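Report on the following structure.
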Amino acid sequence: MKTVMTRTGASVLALTLAASAAMAQTELRMTWYNDGNEGEVMQGILDRFEEANPDISVTLDVVPYQAILESLPVQLAAGDGPDIARVTDLGGLSEYYLDLTPHLEDPEYWRTNFGPFLNWLDPTGGGAISGFMTQLTVTGPYVNKTLFEQAGVEMPGEGATWDDWAAATNEVASALDIPIPMAWDRSGHRVFGPAISMGAELFDEEGNPALVDEGMRTMAQMLYDWHEDGTMAKELWGSVSGSTYLGANEEFANAQTVLYMSGSWQIPQFATTIGDAFDWWAVPAPCGPAACTGMPGGAALVAMEGTEHPEEVATLMEFLTQEENLAEFYGETLFIPGHLGLAESGVEFATDDPRAAHALATFAAAVPSISPIAYEAQGYANNRVMFNAFISRLGEAIVGELTLDEAFDRMEQDVEQQLAEQAR
Amino acid sequence: MTDTTGFGARATRVVTAPLRWIFEALDKPFQALQRLGGIGSMPWWFLLPNLLFFGGFVILPLFINFGYSLTGGTRLFLEDRTYTGTEQYAFLFDCGNYADPTSCREDRFWRGIYNTATFIFFQVSFLVLFSLVTALILNRKIRARGFFRAVFFFPVLLSPVVVALIWKWILLRDGLLNAALVGMGFDRILFFVSPEWAMFWAIFVSIWAHMGFYTLILLAGLQAIPPDLYEAAEMDGTSKERVFWRITLPLLWPNMLVVIVLALIKGVQVFDEVYVLTGGGPGTATQFIVQYIYNTGFTNQVQNFGLAAAASVVLGVVLFVLTLVQLAATRRRDGG
């Protein structure tokens, strides 16, 4: 009887201690979205973090990308945000970021390896360290090389212009009865690289946004004409309203389009969905009179000021940014590294797909030719105001609700009005 | 004679015991309230929980929303926002010519208004017409009447998102309808690229999804018409058209009025189905007023809560007027 009581007492004590330990554990919440397999890879790294830090648990809340754009800002404004989040509006949400500097063991490591990108997260230039890039992205086109071969049309080479590509893709589409010669994501970010190539400056001499200039007009006119002559399908840019994002990744994966203007983040998805069904090939950004540039960008994992556990958040961020963990993350996800040391030493990408390897090499090679204007636009905190004004008004022109000139006027008014509203 | 000692009676007593305890516990406080305020105050005490809930979750947000409409900036909390008076309203109503949205500073608001008006005109007209015809048919002694009543009511049970996705898959470039058209030798139609087709399908899908509900209301009205009126008319040799215009329609009119006003109010609030079906496009061809409010408040990088709140106050006024019309019509029907 005594033994039974002793054992029962010991069990109760053990349970109580376990419960106390569990209660003492700090729970961190990380809001995350997926383009491909990065959620799985991150979960694996987080599991190892929890093993190494039993007093901290991390919950990965996977949400749709739309929720990152629309719901997260409201959550943060209401003071109800997560401890950490993966975001793409890098500068736009900067007022909610936590400066990790006082909590980091080695801030210099961060400045050395993430230096240029820290400015994107801190448009004020105050030197805050708030997070790191989970991926660097570069916009650029993919082509269905198999279709070119089947049609017997030669692919435009280095230095080709958008007009060259439009002519070539039309030739392929008409030879093989492909419904869409060329498809672009319905996103201002995709347009701005080519627009800069055509001479768009985006900002005036004082650094204020100046969306509509000759370069932007030329690019907009080209897009408008391509929709009129059938080079681009109105279903993407004309079929929805406002700044709604629409991707043409499914059309490309189903060989419904010859060329698809998107970016490096599509590589892991295409490696899975297309595989070797056809040769999908990333090609260098087509040229204009001013440049041959895409837009840089990417997603960052940032700490949020509203967290009640800044020390634990910093511990987690330091763990995630260890070179071996980042190398694993970038390598498994096929993302272009946002860590300068790893970019220099090279990452072993977990793919034996020659198309994915070629695409990664193409986008990595595009980085040096990215225009300074493109970097400036990416670092501008209100860049989405400009992107959205362009995309929504051009969409209205494409379906005939506005003339192009009216659309340009409206773009400028939209930017002006939204910035004025923000300044109140 | 009722068995008060058997198993059934005992089970009932056991099951209802908690209710009895609650009523007994409430009895004394309610007696005290009645002594305090008299018998006349008792309805108010019973209504109090509902009034508190309604006040907290409907009336209070209404005032808060109005407060937001008088402010500007991007701050979320009302106390942090800049007071701007009626500037947001002035911005919405700044128009060269109200009939031409492109002459308005906030052209999308006015396009939303005109799109909503067009939608309501056609959707309500055809919804009422089709619901009436369906109710008349289902009121007749046809074979498998119960089955058909269920079939027409079934879409009402579906979520608006499901309805919109089903139709989207049917109407896409490679959807079911285009496959059928191509199979019959016709060209594909890009339904979501043409403003006219997009509006047509927005109206059609909305009617398809909601017709069952209104049919049910009209069917109830038809079944409440005394059959002896029809028998008398038949004995008099009255034609079927005359019976419809002189007996059915006048006696069904109160139900028709309810259907029209409810459909109008629902029409003004249209959002979810159309948002999923067309995304408001092409351009802004199917962007209705509620989507305008949503876009202005939430999807832009600069979330303009003040302007969105002002637009929703305008929408609220329209709905208030429609509700007054419904109340007036109902009172007239009831002879009040």
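Keep in mind the model is a prediction, meaning the values are calculated, not measured. Chain letters run A, B, ... following the sequence lines, proteins first, then strands; residues in each count from 1.
The environment of OH in Y89(B) is crowded: more than 12 heavy-atom neighbours from other residues, nucleotides or ligands sit within 6.0 Å. Within 6.0 Å of CZ on F66(B) lie no more than 12 heavy atoms contributed by other residues, nucleotides or ligands. Within a 6.0 Å sphere centred on CG of D80(A), heavy atoms belonging to other residues, nucleotides or ligands number more than 12. Annotation: E228(A), atom CD; neighbour count of heavy atoms from other residues, nucleotides and ligands within 6.0 Å is above 12.
Comparing L69(A), T244(A), D89(A) by how many heavy-atom pairs each has under 4.5 Å with chain B, the most go to D89(A). Residue with the most contacts toward chain B among S239(A), G242(A), A423(A): S239(A) (heavy-atom pairs, distance under 4.5 Å). Contact count versus chain A (heavy atoms, under 4.5 Å) is highest, among L172(B), T102(B), L307(B), N295(B), for T102(B). Note on Q422(A), E235(A), Q256(A): by heavy-atom pairs under 4.5 Å with chain B, the leading option is E235(A). Across D107(B), D80(B), L76(B), T84(B), the residue that shares the most heavy-atom pairs under 4.5 angstrom with chain A is D107(B). Ranked by heavy-atom pairs under 4.5 Å with chain B, the list G92(A), A78(A), S243(A) is led by A78(A). The most heavy-atom pairs under 4.5 Å with chain A, out of L190(B), T71(B), D174(B), come from L190(B).
Electrostatic pairing of R75(B) and E95(A) counts as a salt bridge here, judged by a charged N lying under 4.0 Å from a carboxylate O.
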Donor-acceptor contacts, no H, no angles, side chain residues 245-255 of chain A, under 3.5 Å, sequence neighbours left out:
{"residue": "N249(A)", "atom": "ND2", "partner": "Q269(A)", "partner atom": "OE1", "Å": "3.0"}
{"residue": "N254(A)", "atom": "ND2", "partner": "E250(A)", "partner atom": "O", "Å": "3.0"}

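Heavy-atom distances place the side chain of Y294(B), and not its backbone, under 4.5 Å from chain A. Neither the backbone nor the side chain of S71(A) comes within less than 4.5 Å of any heavy atom of chain B. Only the side chain of A233(A) has a heavy atom closer than 4.5 Å to any heavy atom of chain B. At a 4.5 Å heavy-atom cutoff, R188(B) makes no contact with chain A through either its backbone or its side chain. Only the side chain of F91(B) comes within less than 4.5 Å of a heavy atom of chain A; its backbone N, CA, C and O stay farther away.
In this structure, K234(A) and P282(B) have side chains that are not in contact, with every pair of non-hydrogen atoms separated by 4.5 Å or more. Counting only heavy atoms from C-beta outward, the side chains of N300(B) and E421(A) never approach each other to under 4.5 Å.
The minimum heavy-atom distance linking R424(A) with G72(B) is given by the pair CD-CA, 3.7 Å. When every heavy atom of E401(A) is checked against every heavy atom of A285(B), the shortest pair comes out as OE2-N, 3.2 Å. Closest heavy-atom contact between F298(B) and E70(A): O-CG, 3.9 Å. Q291(B) approaches S241(A) most closely through the heavy-atom pair NE2-OG, 3.2 Å.
Using modelled atom types and a 3.5 Å distance limit, the side chains of Q301(B) and N388(A) yield no donor-acceptor pair.
Residues from residues 402-415 of chain A that place a non-hydrogen atom less than 4.5 Å from a non-hydrogen atom of chain B comprise L402(A), R410(A), D414(A), given in numerical order.
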key: side chain to side chain contact (heavy atoms under 4.5 Å, CB included) evaluation trace for E396(A) with T284(B)   = CA-CA 7 Å; E396(A) 289 167 22; T284(B) 55; 3.5 Å; yes

